[in-house]
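Working notes for the structure below.
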Amino acid sequence: MSLARYKRELAAALAWAVVLALVTAAAPSFWSTDNLRDLARNNAPLLLVATGMTLVILVRQIDISVRSQCAVVSVCAGLLAKAGAGAPL
């Protein structure tokens, strides 16, 4: 397996590693358990949408845009709210 074939991907991975190294040098507390837990909790919705979109793109199926998903979910939520269905908090 030749690494020359993956130049673009390797460049992106190297850039990501450099960014992580700079963040670690600037703020050593970045890798603390509390910070990582907060990052995961605050970005969970985005992670779910990004994972779904990535899988759709990888298998070369239809591209379901996030905006259209938000529109459909908003309409469904509005119809449910109008019908009296509540969301438990």
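For L10, the side chain to side chain contact (heavy atoms under 4.5 Å, CB included) test picks out L3, Y6, with sequence neighbours left out. Listed by chain and number, the residues in a side-chain hydrogen bond (donor to acceptor under 3.5 Å, both in side chains) with R8 amount to none (sequence neighbours excluded). By the side-chain hydrogen bond (donor to acceptor under 3.5 Å, both in side chains) test, T24 pairs with W31, sequence neighbours left out.
Under the side chain to side chain donor-acceptor pair (under 3.5 Å) criterion, no residue pair touches residues 70-82, with sequence neighbours excluded. Legend: salt bridge (Lys or Arg N to Asp or Glu O under 4.0 Å) pairs involving residues 29-48, not counting sequence neighbours, sorted by first then second residue: D34-R37.
Between F30 and L36 the shortest heavy-atom distance is O-CD2, 3.8 Å.
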Sequence neighbours excluded and cut-off under 3.5 Å, please list the side-chain donor-acceptor pairs for residues 43-52, or say none.
unit_1	atom_1	unit_2	atom_2	d
N43	ND2	L39	O	3.0
T51	OG1	L47	O	2.7

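A donor-acceptor contact shorter than 3.5 Å links the side chain of S32 to the backbone of N35.
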